[in-house]
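Here is how names work: the chains are called A, B, and so on, in the same order as the sequence lines, proteins then strands, and each is numbered from 1.
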There are 2 protein chains.
Amino acid sequence: MVIVADSYPLDTPSPYPAAEIARAWRRERPGTPTDSIEIVTPLWRLAKLFADDRRRLLADLGVDPATLDLLSVLRRAGAPYELTTRELSRLTLVTAGAISQRVARAEDSGLVTRRNADDGSRAVVVTLTETGHDMIERTVDQVLTRESELVASLSPTGRAELASQLQELLDDVGRRARKP
Amino acid sequence: MVIVADSYPLDTPSPYPAAEIARAWRRERPGTPTDSIEIVTPLWRLAKLFADDRRRLLADLGVDPATLDLLSVLRRAGAPYELTTRELSRLTLVTAGAISQRVARAEDSGLVTRRNADDGSRAVVVTLTETGHDMIERTVDQVLTRESELVASLSPTGRAELASQLQELLDDVGRRARKP
DNA sequence: GTCTAAATGTTTAGCTCTAAACGTAGCATG
DNA sequence: CATGCTACGTTTAGAGCTAAACATTTAGAC
């Protein structure tokens with residue numbers, strides 16, 4: 001049995017590169033399809049690095065990531081900063097239950113208000129309050145500036161190219177992925 | 001005020017493309033650096049799609065993702081399938097506390113054992129049991145086969161190219177990102 | 001030897017999420 | 001009108017994670 005631990009140092013500051021993981025599986029279980037590993041693994045790790053970094057920045061600012069996500073979507077929608085919970089769920093990719101909880105928290109903090117839609121449906125409309133608007137304005141520049149620094153190694157063309165590849169893959173995986 | 005909701009339909013089955021989000025912020029807050037958005041947003045969404053899809057597959061198989069992650073790292077390490085908790089923490093990118101909980105759960109289920117290292121350090125060595133080994137063997141092919149299907153739209157060269165761009169970005173972001 | 005600093009693993013408090021169970025409000029059909 | 005279907009939002013149970021507080025051991029410094 002080939003021992004990966006023998007061929008790659010275990011005390012490096014970062015985890016194995018994905019190529020090494022794929023190689024390890026091919027050795028340990030020949031025949032297993034490993035072609036997704038070099039895409040999925042770095043993708044997850046990058047997402048986690050960005051998420052952890054953002055969470056720490058936001059913790060300093062006294063905001064939590066879920067609330068920022070909610071307020072951002074409302075803010076981006078433009079005046080009058082309103083969306084239904086259903087739209088919020090779709091735009092943020094979290095379940096309706098989670099939206100319900102997020103909105104409840106934000107409402108308790110006075111960042112949004114909730115009211116029934118008047119269009120005959122049962123929809124609930126969530127509106128950004130002035131407090132919520134202020135919070136977003138205070139925060140978003142810092143978050144985006146920070147994240148801009150994190151991707152600073154990419155050249156404009158390299159960034160555009162990677163962005164389009166990711167968006168293309170996202171569209172495709174979105175069609176194939178199993179829904180709730 | 002430009003209203004994004006006016007220029008992009010709200011009832012599409014998927015969320016806005018990242019380019020649309022970046023454009024919305026440039027309109028709503030000119031001057032805010034938006035160059036990270038087209039990288040970070042699709043990255044997060046892809047990571048979530050893959051994570052959700054895997055979680056659902058694993059639920060059918062009666063496994064939870066955190067345990068699979070733990071067992072996978074041990075399995076890939078090759079015989080005798082042992083790593084210290086510190087190494088596990090680094091290889092899986094989760095905190096020491098989370099590893100402690102994961103190992104405790106897996107130990108309760110008889111999937112791993114725990115013992116003190118005999119090399120004079122205080123390290124705890126985690127070892128895969130036969131039950132744990134069986135569980136991983138039963139599961140990993142299905143997971144990797146499924147994920148291989150999800151990235152099937154990529155050509156071999158396209159996949160290799162994307163993989164290397166991601167790995168490069170990961171290495172760089174790993175250096176810049178804020179650590180705990 | 002004694003004391004202190006560094007290294008490690010564990011426990012706990014607080015959050016957030018998903019899935020599933022609920023509770024209802026529109027709506028169509030007969 | 002009843003009846004049942006469908007669409008939606010909310011609540012709840014159970015998991016898992018992070019950060020921080022702990023606890024304990026090892027290794028030096030003197």
Side-chain angles (χ1 to χ4, degrees), chain A residues 11 44 47-60 62-70 83-90 92-109 112-126 177-180, chain B residues 11 44 47-60 62-70 83-90 92-109 112-126 177-180:
Chain A
D11 57 347
W44 268 349
K48 182 148 167 51
L49 287 180
F50 282 116
D52 286 350
D53 194 274
R54 178 182 281 196
R55 180 165 35 71
R56 284 164 192 144
L57 170 60
L58 289 179
D60 294 345
V63 191
D64 74 85
T67 300
L68 183 78
D69 191 29
L70 174 70
L83 293 171
T84 66
T85 60
R86 184 127 302 244
E87 288 163 346
L88 289 170
S89 175
R90 186 177 47 76
T92 58
L93 293 184
V94 303
T95 60
I99 289 295
S100 190
Q101 296 174 56
R102 283 185 181 188
V103 171
R105 287 197 298 273
E107 191 178 34
D108 287 347
S109 307
V112 302
T113 59
R114 224 186 320 201
R115 70 159 201 282
N116 291 320
D118 45 10
D119 63 353
S121 79
R122 261 196 75 217
V124 170
V125 176
V126 180
R178 201 171 140 181
K179 302 291 191 283
Chain B
D11 57 349
W44 269 348
K48 184 151 167 47
L49 288 180
F50 282 117
D52 286 350
D53 194 273
R54 177 182 284 196
R55 180 164 34 70
R56 284 162 193 146
L57 171 60
L58 289 179
D60 293 344
V63 190
D64 74 85
T67 300
L68 183 79
D69 190 30
L70 174 69
L83 293 171
T84 66
T85 59
R86 184 127 303 243
E87 289 163 346
L88 288 170
S89 175
R90 185 175 50 74
T92 58
L93 293 184
V94 303
T95 61
I99 289 295
S100 191
Q101 296 172 55
R102 284 185 181 187
V103 171
R105 287 197 298 271
E107 192 179 32
D108 287 345
S109 307
V112 302
T113 58
R114 225 186 318 202
R115 69 161 201 283
N116 291 319
D118 46 9
D119 64 350
S121 78
R122 258 195 78 215
V124 170
V125 176
V126 180
R178 199 168 142 183
K179 302 292 190 285

Inset, instruction - Could you tell me which residues satisfy salt bridge (charged side-chain N to carboxylate O under 4.0 Å, His left out) with B:D108, sequence neighbours excluded, listed by chain and number? - result: none
Inset, instruction - For B:R55, check salt bridge (charged side-chain N to carboxylate O under 4.0 Å, His left out) against everything at least two apart and list the hits. - result: B:D52
Legend entry - Nearest-nucleotide 5' precedence on DNA chain C, A:V94 against B:A96: B:A96
Inset, instruction - For B:T84, check side chain to side chain contact (heavy atoms under 4.5 Å, CB included) against everything at least two apart and list the hits. - result: B:R86, B:E87, B:A123, B:V125
Legend entry - Counterpart residues, side chain to side chain contact (heavy atoms under 4.5 Å, CB included), relative to A:D64 (two or more places apart): A:A66, A:T67
If I take atom [atom1] in residue [X] and atom [atom2] in nucleotide [N], what distance separates them, rounded to the nearest angstrom?
X: A:R105; N: C:dG14; atom1: CZ; atom2: P; result: 15 Å
X: A:Q101; N: C:dG14; atom1: CD; atom2: C1'; result: 14 Å
X: B:L58; N: C:dT18; atom1: CG; atom2: C1'; result: 14 Å
X: B:L57; N: C:dT18; atom1: CG; atom2: P; result: 18 Å

Inset, instruction - Enter the distance from A:K48:NZ to B:W44:CH2 here, rounded to the nearest 0.5 Å. - result: 12.0 Å
Inset, instruction - Would you give the length of the straight line joining atom CG of A:L68 to atom CG of A:L58, rounded to the nearest 0.5 angstrom? - result: 5.5 Å
Side-chain N or O of [X] less than 4.0 angstrom from OP1 or OP2 on [N]?
X: A:R102; N: C:dC17; value: yes
X: A:T95; N: C:dT18; value: yes
X: B:T85; N: C:dG9; value: yes
X: B:R114; N: C:dT10; value: yes
X: B:R86; N: C:dG9; value: yes

Inset, instruction - Sorted by first residue and then second, give each side-chain hydrogen bond (donor to acceptor under 3.5 Å, both in side chains) pair with at least one member in residues 98-107 of chain B; sequence neighbours left out. - result: B:D69-B:R102, B:E107-B:R114
Using a heavy-atom cut-off of under 4.0 Å over every strand shown, decide if [X] touches base, sugar-phosphate, or nothing.
X: B:A123; answer: sugar-phosphate
X: A:D64; answer: sugar-phosphate
X: B:A66; answer: sugar-phosphate

Legend entry - Nearest-nucleotide comparison on DNA chain D, the residue closer to the 5′ end among A:A98 and A:D52: A:A98
Inset, instruction - Provide the start and end nucleotides, 5' to 3', of the part of DNA chain D that has atoms under 4.0 Å from heavy atoms of chain A. - result: D:dA7 to D:dA19
Legend entry - Candidate nucleotides C:dT11, C:dT18, C:dT24, ranked by approach to the side chain of A:R122 - the nearest: C:dT24
